[in-house]
Every structure is written in C-alpha cells, then in structure tokens.
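One structure is given here, and the rest of the page talks about it.
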Amino acid sequence: MSRLKPQHAATRHDTSRKSQARRGLALTAAMSAAFLTIGVQILRLGSERADARPVGRLANLETLHATWARPDIVDRNGRLMATDIEVHSLYADPAQIFDRDEVVEKLLKVLPELEADDLRAALKDRSKRFAWLRRGLPPRVAQQVHDLGIPGLGLRRELLRAYPAGPVAGHILGGVTIDNRGLGGIETWIDAQWLSARVAGPTRSSRPAVVLSIDMGVQYALERELAAAMLRYEASGAQGTLLDAKTGEVIASVSLPGIEPGRLEDLAGSTKPDRVAGGVYELGSVAKVFTLAMAFDSGRYAPDTPIDVREPIEIGRFTIKDPHPAGRPLAARDVFIHSSNVGSARIALALGGPHQKSFLERLGLLSPLTTELGQVAAPLVPRHWGEAETATIAYGYGTASAPLQFAASFSAIVNGGLMIAPTYLKRDVAPEGTRVVSAETSARMRALLRANVTHAQGTGRRADVVGYRIGGKTGTAEMASRGGYAKKSLITTFASAFPMDAPRHVLVVSLFEPKPTVETRGAGTAGVNAAPTAGRIVERIAPLLGVEMKAEGVR
Amino acid sequence: MLRLLNLALALLTLVAAAALYHVKTDTRRLEANVLARERHVDRLDADIAHLTAERAHLTRPQRLEALARLQGLVPLSGQHVIVVRAPGDAP
C-alpha cells in the first residue's frame, strides 16, 4: 500500500491538472463564444442602415383608422383648390356607454346638427365596440366634445378633403368619399393615376401638387357672368368653355347649375349634369364654321364665290329655307355673316356627304374624346349619311357633340389649322398638334369670324367689346325632345376667339332655354343673348388673361 | 498565462456588455427623440396645411370681389380706357 501511495498521488495530481485544464479550456471557449456573440452584435448594430429599422413614422400609429392621403390640387398659377387637412372624428364604444340618453343629451348641446334618433340608434347595439358618430369635426368642437369627458366616446385624427375656394370649379374638381377616395372630376383621375395612398392616420401626401390648367380667377369670372346671364335671360342652364387655342389647355369650364366640390349629394345626383363634357347637343348654326372651313379647304370656294340662296332646298320630305331669305345670290362670306341655312346646305351638297364626313372626322367631331375627367359624352352621328343629313349637318342639325369637343375642333379652325387634344392639366410646352385645315383656310375663317362681329348685319355684332378683337359665330338650335324638337326650348351658342388677329383663346358659351325678354325685344336667339354674354365675359377676363388691349374701337 | 487570458476576456466581455447597454439605451433615447421630433413635424405640417387652406379660403375670388366692390372697384372695361393721340394722328 505504501508503495502504491505515491503512484496514486501522482495519478490524482495528473487527473486534477487535466480536469483544471479542461475547465480552463471550457471557460475560455465560453468566454470566447460570449465575446464573439457580443462582438458580432456590436458589428451588426454598427453596420445596420439607419432607415432599416421601424422607428419614428412607422411607430407613429396612434390613429389606426385607415384613410387616403391625396396630393393638393392647385390652379395654373399655384392657387390652392383642394387640400387634405387634419380633423378629429368622433366615435363611440357603445359597450362602455351606460346612460345612453344622458350621452345623447350632452352631445346634442355641442353638436346640435346631429339627430337624437340617429345617435340613439348608433349607441343602441352594445355588442358593437365601434360606431362613428360624427366625422370631420373642427378643432374647437372636438375640444368641446373632449371636455364633456364622457366615457365610451373617443376622437380620432384623420384627413379631410377641403376645397378652400368654395363652389368654384365644382364639376372639374369632383369630390371624395368620407374616406377620401375620389368621387368624380379630377379627384377620380388622381386615384386612377395612383397618386393617392392609403395611410393609417392623418399623414398628408408627400406627392407634389396636381397642377390644373384652370385659372381660378378666370373660372370664377366666367361662373359669375354666366350666372348673371342665366338670370338676365331666364335660362334654365348655361355652359362656358375657355380653351387656350395653342396648347389645348382648358383655362375655365363652367356648367350651371353648378355643384359644390365635395358635396356628395351634388355628385351622386344627376340633377346638375356637367353640360361641358357630360352632354351632347346640336348647337345649330355655329356648325357653319366647319362648313365654310370645309369649303375653303377644298380649294373650290373662296370668300367671294357666289352661292345661290334664292330658293329653298327640297330634299325628300325636308324643306331647307332661311328665316330671312336674301332673295339674291350671296358670296360665301355673306352666307356666313347672314347665317344662311340654304347657302351652307348648298356648299355641303356640292362637296358631297363623304367629303363632309371625312372633314368632320378629321376635326375629331365624330369620335369619342377622352380627357383627365374621363370620356367626354360620345358624339351622336347619323347612321345613314344621305343627302338630307349632309344638308342639315351643314347648318348644325344631325350631329351632336359635347361643347368641350366642339370647342377643341373650333380651336383648330382658328389657331392656324392644328388639332390639339384638350386637357385639364397645365402644359408647359404646346404640343405639335395635327394639321386639319391649311393655314390659309384658318386665316380666312378668322377674317370671317371677326367680320361677323364687326359687320353691321353680322349675327355676332352684340359680342363686340372695345379693344379685344372678338370674332365668333352664333348658333340657335331647338332642343331635341322625344320624337323631334321642342320649338320653344332653345340652346343658344356663341363660339368665339380672341384676339382675332392672333387668337390665343377660344370661348364657347351656351344658354339653355333662354326666354325672350324686354331687353332682347322679344327675341330669344343667340345673337341677342349668347353673343352679348360672350362679349361681357371677354371684357372681364381678357385683362386677367393678359390680352393686350388695342386702340381699335377705343374712344 | 491562460488565467490571465481568461481574466482579460472576462474584462473585455464586461466592457463590451457595458458598451452594448450604453448603445442600446442611447439608441432608445434617440428613437424617442426622433419620434417626438417627427410628431412635432407632423403637428407643424398639419398646422401649415390648415393655415394654407385658410389663406386660400380668405383669398377666394368671391371674397376678394366682394371686398373690391366695397372699395368701389369694378372689373376693367373699355369704359376705363382712353387713347391719348398726338395732334394730327388719325383717330
């Protein structure tokens, strides 16, 4: 045993040293692993991109109700027309409301516009944990509701679309739903272009503003003048379309009765349709602009080419005659100034239906037009284009188009002959356009249109205002009714451009069902109501548009 | 030697842990700071939107027209323009 002792001691010593070494290694490995983990973590934190972690905006979710953030809408001069503002909306948790009648009573003191029955109904179902009571409260009212301190009521912040200019340009702007989704007008276009974004809470859109081609000052002036004309001539409605003849931009577009942007009841109903783009009308003799342009552009007619208008034209069961027959042949220029139906029909019949159809197609009057506000009401075109149709279309019956579409085609006649698609968005560069008539034809038409205003017998003479060189053509049409035309329901139109020496703007004004008045000496035609209305409008808006006044006609 | 290494590693681990803790708390503080600033920016943004809308409302054409008419101003027309001609100029 005694010999074995040192051996055992040595063995134990060895075992102990090995065990100590193993522990040391394990400890080292553990420490290294821990150090490595911490090191890796530090390296990871150090190398992580600042925006890779959900901090700040993503964490800012105090208001959970989802809504849509929309970009601002401004006019061509940067004036605000629509914007999102933050508002408070009142909701209730019916399960937490114990005395319903007391809550209703207190709320009605702050929100008297609410109906007691509606409130009771909203708070009735205690199984529901959420019910909107009032959306879009002004800050002061929201504070008053908050101060009531009623358990079970809460306020959420959300976005509300505001139209600070009020009812101006209602049909163009359209409106939005309570959740800020587009509902008509340019607001629908914004959604279609994915410019609005779903947001949780009152986060405003970071997108740049949508810049319209509209000039808000001009738009307002046009609305005021048309409203005054409706009163003056006891008309049931009116429309006015102002285009930039070079760029196709819609500078102003008014349909009366108008709608207030954002008013859902106005947008949903059809009682106040957009007459500029949403309806098609036979506009009567203003179509003679196209007939004469077609004649000159064919090369077969010049302004002094004589046309026999002595006898009415008989086509089948139709008789085409002039209200005030000239009784002698008229030069093409005088056919226009006297607004002769017979002369216009003779020109169209001489050139032929296919020629006329092809010409109107080139002007875009027979095919649908689309703008940012959607498809313009499709033109009505006869299925059979025979002699009778050729003759009547020459003086404005047989095809019908929306005033906007008409204005775009009229613009091509006066701007040098280039067809340019109209737009409601601001264009920085004028598009090239498509040539539809020669520059010479356009120049001849400009001279004719101006002569129709300056000539003592011109139908548009009441449109003349000093300094701004208006040129234009009148049109009086009976409104289409079931199975024919309503003799006493007229649409009177004045299609014009100014300044006529270098037209920059095209203005088409229509009055719907104007009545003969003392001022018009019992007449109800375009020459006595639409033409002077256009003159008053031009006089008011030309300075806003920067049109240079010339001494012509100034005292 | 190994013990010394262990000691150094343990010390380094403690220092690293302290540094990590510091980074973490500092990050949280900065996050809170960012959040507060973002909320402040959002509030200011909302205020600016309100004020811009209010300015647009106050300068709406119908209000300006009413104010202008109160001052006796009317839209410019041909009646307000005269042409000054030198003697002998054609009228």
Side-chain angles (χ1 to χ4, degrees), chain A residues 21 24-25 27-28 31-32 34-35 38-39 41-42 45-46 53 55-57 59-60 62 72 74 79-86 139 157 159 162-168 201-204 216-221 223-224 465-468 536 539-544 549 551 553-555, chain B residues 1-3 5-17 19-20 23-24 27-28 30-39 41-43 45-65 74-85 89 91:
Chain A
L25 270 174
L27 190 62
T28 305
M31 295 290 275
S32 299
F35 184 70
I38 291 165
Q41 180 73 349
I42 288 171
L45 281 171
R53 303 182 64 219
V55 225
R57 289 188 189 281
N60 186 8
E62 64 182 60
D72 288 352
V74 297
R79 294 177 73 179
L80 190 66
M81 299 184 84
T83 188
D84 282 348
I85 55 170
E86 191 183 308
R157 294 189 299 152
L159 294 174
Y163 300 93
V168 176
T203 310
R204 282 169 43 80
M216 193 154 61
V218 176
Q219 173 79 19
Y220 172 71
E223 287 182 12
R224 287 277 296 185
V465 285
V466 290
Y468 296 120
R536 277 188 283 269
E539 187 171 45
R540 182 157 175 185
I541 65 175
L544 301 176
M549 191 180 228
V554 178
R555 283 177 293 134
Chain B
M1 180 65 192
L2 199 63
R3 182 167 296 171
L5 183 67
N6 280 340
L7 206 64
L9 280 173
L11 201 65
L12 209 58
T13 306
L14 282 173
V15 169
L20 186 63
V23 166
K24 190 179 172 184
T27 305
R28 282 191 177 166
L30 287 171
E31 278 179 6
N33 202 355
V34 166
L35 190 61
R37 280 170 191 269
E38 279 183 0
R39 282 187 173 155
V41 167
D42 283 348
R43 266 200 307 278
D45 194 35
D47 288 349
I48 289 168
H50 263 288
L51 291 172
T52 309
E54 199 164 314
R55 186 183 61 183
H57 185 64
L58 291 173
T59 55
R60 65 193 184 279
Q62 51 271 57
R63 182 169 182 269
L64 292 186
E65 189 193 18
V74 291
L76 181 70
S77 77
Q79 306 297 317
H80 300 111
V81 180
I82 55 163
V83 177
V84 179
R85 292 190 178 93
D89 280 0

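In the text below, chain A, chain B and the rest are named by the order of the sequence lines, each starting its count at 1.
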Exercise for review: Can you tell which part of B:Pro61 gets under 4.5 Å to a heavy atom of chain A, answering side chain, backbone, both or neither?
Suggested key: both

Review point. Quick one: does B:Thr52's side chain get under 4.5 Å of A:Thr83's, heavy atoms only?
Key: no

Review point. Any side-chain heavy atom of B:Asp45 sitting closer than 4.5 Å to one from A:Glu86?
Key: no

Point to revise | Donor-acceptor pair, side chain of B:Arg55 and main chain of A:Leu80, under 3.5 angstrom | key: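 The answer is no, because no donor-acceptor pair under 3.5 Å joins these two groups.
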
**Study point:** Pick from A:Gln219, A:Arg204, A:Met216, A:Met81 with the largest number of heavy-atom pairs that fall under 4.5 Å of chain B
**Key:**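 Top option by heavy-atom pairs under 4.5 Å: A:Arg204.
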
Check your understanding: What residue, out of B:Arg60, B:His57, B:Gln62, B:Arg37, has the most heavy-atom pairs lying under 4.5 Å from chain A?
Key ->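 The answer is B:Gln62.
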
Practice item. Heavy atoms only, distances under 4.5 angstrom: which of B:His50, B:Arg63, B:Lys24, B:Arg3 has the most pairs with chain A? Name it, please. Key: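 When all of B:His50, B:Arg63, B:Lys24, B:Arg3 are compared, B:His50 has the most.
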
Exercise for review: Side chain from CB out, backbone as N, CA, C, O: work out which of these in A:Arg224 comes under 4.5 Å of a heavy atom of chain B, or both, or neither.
Suggested key: side chain

Point to revise | Contact origin within A:Asp84 toward chain B - heavy atom pairs under 4.5 Å | key: backbone

Study note, to complete from the structure: Closest non-hydrogen contact found for A:Glu539 with A:Val465 is CB-CG1, 4.0 Å

**Study point:** Those residues that, when tested against A:Thr28, pass side chain to side chain donor-acceptor pair (under 3.5 Å) (two or more places apart)
**Key:**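 Per chain and number, A:Thr28 pairs via side chain to side chain donor-acceptor pair (under 3.5 Å) with B:Asn6.
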
